[in-house]
Amino acid sequence: MKGLFGNHMDLTAQVMQLRQERQNVVAGNLANIGNPHYKARRLAFEDQLQQAVEAEGSAGMTRTDPEHFPAALDSSRDAGELKQELEFQVIQGEDAVDLDKEMAIQAENALQYNVLAKVLQKSFEGLSETITKGGQ
């Protein structure tokens with residue numbers, strides 16, 4: 001598919017796979033919520049994804065209009081810079097899993113996975129329309 005979509009399809013599929021792995025990690029954390037010495041695990045891949053996209057985007061795309069999005073993702077342009085971890089008192093013990101935090105991570109991850117699935121769906125719909133109407 002590289003001839004039709006470039007690396008878009010491959011990158012989207014890889015990110016969807018990582019999101020699925022993150023859901024599995026969160027499910028494992030939730031399954032161990034009753035174990036007092038279990039430490040919640042995290043799967044962080046956004047920094048590596050950002051670096052890969054920046055390396056890919058520097059391959060020759062140029063902005064021809066200031067209103068265009070940049071070729072590479074730029075996290076410094078986002079307004080949300082405050083990163084402060086709140087510490088909640090956990091009743092089960094010092095290392096226990098925080099249910100609310102895990103559920104929030106799970107919900108956000110599921111939403112992002114669904115967006116990626118919609119992107120792939122629209123890509124295939126566009127390809128189908130091109131094939132169907134291209135010969136007319």
Side-chain angles (χ1 to χ4, degrees):
M1 290 261 179
K2 286 188 178 186
L4 297 173
F5 295 109
N7 293 332
H8 162 72
M9 298 293 275
D10 292 333
L11 180 62
T12 304
Q14 289 172 352
V15 175
M16 286 181 74
Q17 195 169 26
L18 289 168
R19 295 238 169 256
Q20 178 61 44
E21 288 179 32
R22 178 176 282 164
Q23 285 295 81
N24 292 338
V25 169
V26 171
N29 290 342
L30 290 171
N32 288 293
I33 201 164
N35 296 339
H37 296 293
Y38 179 83
K39 291 186 180 182
R41 300 181 308 155
R42 296 281 172 251
L43 177 65
F45 59 86
E46 284 83 4
D47 292 338
Q48 292 86 356
L49 178 63
Q50 175 74 28
Q51 291 171 359
V53 170
E54 285 175 357
E56 180 92 16
S58 64
M61 286 186 68
T62 58
R63 291 174 70 180
T64 57
D65 188 296
E67 295 295 317
H68 290 165
F69 288 114
L73 299 175
D74 184 8
S75 61
S76 65
R77 295 183 65 205
D78 296 338
E81 287 296 320
L82 179 63
K83 295 180 182 177
Q84 183 178 3
E85 190 73 27
L86 299 176
E87 294 294 327
F88 297 101
Q89 182 180 5
V90 181
I91 297 171
Q92 292 94 345
E94 186 175 314
D95 299 332
V97 177
D98 182 6
L99 177 63
D100 292 333
K101 189 173 189 177
E102 296 300 317
M103 294 303 289
I105 292 169
Q106 186 178 36
E108 177 186 2
N109 195 56
L111 179 67
Q112 291 176 352
Y113 183 90
N114 291 338
V115 167
L116 290 170
K118 193 62 140 177
V119 167
L120 282 179
Q121 177 187 359
K122 291 296 183 182
S123 296
F124 283 119
E125 286 175 2
L127 177 62
S128 176
E129 186 174 340
T130 301
I131 291 170
T132 303
K133 297 181 180 179
Q136 296 178 357

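Just so it is clear, the structure is predicted and the values come from calculations on it, not from any experiment.
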Q) When you measure from the side chain of Ser128 to the backbone N and O of Phe124, does any donor-acceptor pair fall under 3.5 Å? A) no
Applying salt bridge (charged side-chain N to carboxylate O under 4.0 Å, His left out) to Lys122 and not counting sequence neighbours gives Glu125
For Asn29 and Val97 the tightest heavy-atom approach is O-CG2, 3.5 Å
Separation between CD (Gln20) and CG (Leu43), nearest 0.5 Å, reads 11.0 Å
| said: Count I, L, V, M, F, W, Y as connected when their side-chain heavy atoms are under 4.5 Å apart, and connections chain through other members. Are Tyr113 and Val119 then in the same cluster? | reply: no
Q) Quick one: do Ile33 and Met103 end up in the same hydrophobic cluster if we chain Ile, Leu, Val, Met, Phe, Trp and Tyr together by side-chain heavy atoms under 4.5 Å apart? A) yes
Worksheet item: Just wondering, do Gln112 and Leu116 contact through their side chains at under 4.5 Å, heavy atoms?
Response: no
Sorted by chain and number, sequence neighbours left out, side-chain hydrogen bond (donor to acceptor under 3.5 Å, both in side chains) with Asn32 holds for Asn35
When every non-hydrogen atom of Val26 is compared with those of Glu102, the smallest separation belongs to CG1-O, 3.5 Å
d(Gln23 CD, Asn109 CG) to nearest 0.5 Å is 4.0 Å
Exercise. Report the C-alpha distance between Glu108 and Arg19 in whole Å, list the side-chain angles of each, state the deciding distance to 0.1 Å, and finish with yes or no for salt bridge (charged side-chain N to carboxylate O under 4.0 Å, His left out).
Key: CA-CA 10 Å; Glu108 177 186 2; Arg19 295 238 169 256; over 6 Å; no
Separation between CD1 (Ile105) and CZ (Arg42), nearest 0.5 Å, reads 3.5 Å
So the salt bridge (Lys or Arg N to Asp or Glu O under 4.0 Å) pairs with at least one residue in residues 21-33 (sequence neighbours excluded) are Arg22-Glu46
Separation between CG (Asn114) and CD (Gln121), nearest 0.5 Å, reads 11.0 Å
